[in-house]
Each structure stands twice: as structure tokens, then as C-alpha cells.
**Student:** 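Once you've had a glance at the structure underneath, I'll fire off some questions.
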Amino acid sequence: MRIQLTVNGTERTADDVWEGESLLYVLRERLGLPGSKNACEQGECGSCTVYMDDVPVCSCLVAAGQARGREVRTVEGLAANTADGAELDPVQQAFVEAGAVQCGFCTPGLIVQTHALLAGRQDVPSDPEIREALAGNLCRCTGYEKILDAVRLAASRQEART
Ligand code: FES
Ligand code: FES
């Protein structure tokens, strides 16, 4: 079947999609967007998290057909395209600066989920709030402390700008 959807602001089409195919597979294998990672394919790890109509979802659990006509935003779509190339989103920048990226497999999902946590906020979330928001995103490398540092850094910069 043919799927048409908007990905990172651009209308995209995928052909020959089979009925059991996931949105994650379409993004990675058909649309050339490998940022969203496939770690468990069972909704357990959050590494495949993307926005669908502004709501974070595990794209491995979304059937490609369910994404037809929807707006999808991936980790690639958070960076702004400038004349000089891509400019990282503040959440992406904070993850880099805080040293929250080791193997990087969990990072795209954590960044999308953190982006959603901070959207529209003008304060720094408490640690329990951050932990709850990121509870569905598993990381095997960092022990989570650097990830919390990154979220606090992004939130404090956002607070300072408002
Ligand atoms: S790959 Fe989707 S939740 Fe793990
Ligand atoms: S940095 Fe390796 S799983 Fe999180």
C-alpha cells in the first residue's frame, strides 16, 4: 500500500508498505531517517520515540497505516536548518554539553521525550518529574545522572530565556 504523511514539515510518500510494517521501519528504511533507533521493537525502551501530531509515541508500535495523513517529527526534525547547516535544538545541545551521550542508542528517544517535557514550560522540572517523564526511555550506558544533568541544563537555559 501507499502511505502519505508529513515528516519534519515535508510531505513524504512511501510505496509498497506491507500491512504489518511499523512507522519506525518506514522512517528508517524507506524515508532515509535513521535517527529514531530500533532497540526492542516492543514498546519497552523508548529509543524509537517520535512526535505524531505533537504527541510523543513509540514509532515501533505505530502501524504505518495509522500514520497516514499525520504529522510526524523525528529527532532529525528538531534541529533547525540554517544557511550554515544544521543548528542543534537546545535540548540536543544540552545532551552534548552534559556528556549525556555514550553509545547514543537511547539518545534520540530521550531527546524527543525531553523536548516534549519542556515544551511550553518556563520552569525547571523537579527530579521526580523528569524521572517520571523519561521512565519509558531506557539507557544501558549512562546511569541516568548525565541525562538528568542534560534535562536540567536545557530547562534552566529555557527558563533564563523567558
Ligand atoms: S524500539 Fe520502540 S520502544 Fe524500543
Ligand atoms: S547512551 Fe547507550 S543506551 Fe544510553
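Read the numbers this way: they start at 1 and go in the same order the structure lists the ligands and their atoms.
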**Student:** Counting each atom of ligand 1 from 1 as listed, which ones have a heavy atom of C60 under 4.0 Å away?
**Tutor:**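 Those qualifying, in numeric order: 1 (S), 2 (Fe), 3 (S).
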
**Student:** Under 4.0 Å, heavy-atom basis, I'd like to know which part of C40 is in contact with ligand 1: side chain, backbone, both or neither.
**Tutor:**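 Within the 4.0 Å criterion, C40 contacts ligand 1 through backbone and side-chain atoms alike.
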
**Student:** Go through Q92 and V75 one step at a time and tell me if the side-chain contact (heavy atoms from CB on, under 4.5 Å) criterion holds.
**Tutor:** CA-CA 9 Å; Q92 294 171 317; V75 69; 3.8 Å; yes

**Student:** Of all the atoms in ligand 2, which lie at a distance below 4.0 Å from a heavy atom belonging to G104?
**Tutor:**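 Numbered from 1, ligand 2 contributes 1 (S), 2 (Fe).
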
**Student:** What distance do L88 atom CG and E97 atom CD have between them, rounded to the nearest 0.5 Å?
**Tutor:**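 The CD atom of E97 is 9.5 Å from CG of L88, to the nearest 0.5 Å.
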
**Student:** How long is the straight-line distance from CD1 of I3 back to OG1 of T13, given to the nearest 0.5 Å?
**Tutor:**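 Reported value, rounded in 0.5 Å steps: 10.0 Å.
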
**Student:** Is it true that some N/O/S atom of C139, main chain or side chain, lies under 2.8 Å from atom 4 (Fe) of ligand 2?
**Tutor:**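 So C139 counts as coordinating atom 4 (Fe) of ligand 2, yes.
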
**Student:** Nearest protein heavy-atom contact for atom 1 (S) of ligand 1: which residue, which atom, what distance?
**Tutor:**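 Result for atom 1 (S) of ligand 1: E41 N, 3.2 Å.
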
**Student:** With atoms numbered from 1 as shown, which atoms in ligand 2 lie under 4.0 angstrom from a non-hydrogen atom of C106?
**Tutor:**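 Those qualifying, in numeric order: 1 (S), 3 (S), 4 (Fe).
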
**Student:** Any idea which atoms of ligand 1 are less than 4.0 Å away from a heavy-atom of C48?
**Tutor:**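 Near C48, meaning under 4.0 Å from one of its heavy atoms, ligand 1 has 1 (S), 2 (Fe), 3 (S).
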
**Student:** Between the candidates G43, C45, S47, S22, which shows the shortest non-hydrogen contact distance to atom 4 (Fe) of ligand 1?
**Tutor:**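 When every heavy atom of G43, C45, S47, S22 is considered, C45 comes closest to atom 4 (Fe) of ligand 1.
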
**Student:** Any carboxylate oxygen within less than 4.0 angstrom of a Lys/Arg side-chain nitrogen, looking at E21 and R30?
**Tutor:**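 Result for this pair is yes, salt bridge flagged.
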
**Student:** Atom CD1 of I147 and atom SG of C106: how far apart are they, to the nearest 0.5 Å?
**Tutor:**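 Here the rounded value is 4.5 Å.
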
**Student:** Decide salt bridge (Lys or Arg N to Asp or Glu O under 4.0 Å) for D127 and R152; before the verdict, give the C-alpha distance in whole Å, the side-chain angles of both, and the deciding distance to 0.1 Å.
**Tutor:** CA-CA 9 Å; D127 283 3; R152 292 188 208 105; 3.0 Å; yes

**Student:** Starting from atom 3 (S) of ligand 2, find the nearest protein heavy-atom neighbour and note its residue, name and distance.
**Tutor:**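 Ranked first by proximity to atom 3 (S) of ligand 2 is R140 N, 3.2 Å.
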
**Student:** In ligand 1, which numbered atoms sit nearer than 4.0 Å to a non-hydrogen atom of A39?
**Tutor:**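 What qualifies from ligand 1 is 1 (S).
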
**Student:** Using a strict cut-off of less than 4.0 Å between a Lys/Arg side-chain nitrogen and an Asp/Glu carboxylate oxygen, indicate whether E145 and R131 qualify as a salt bridge.
**Tutor:**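 R131 and E145: salt-bridged.
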
**Student:** Which of the atoms of ligand 1 are close to E44, meaning less than 4.0 Å from one of its heavy atoms?
**Tutor:**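 Those atoms are 3 (S).
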
**Student:** With rounding to the nearest 0.5 angstrom, report the CZ to CG distance, R70 to L23.
**Tutor:**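 Answer for the CZ-CG pair, R70 versus L23, is 10.0 Å.
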
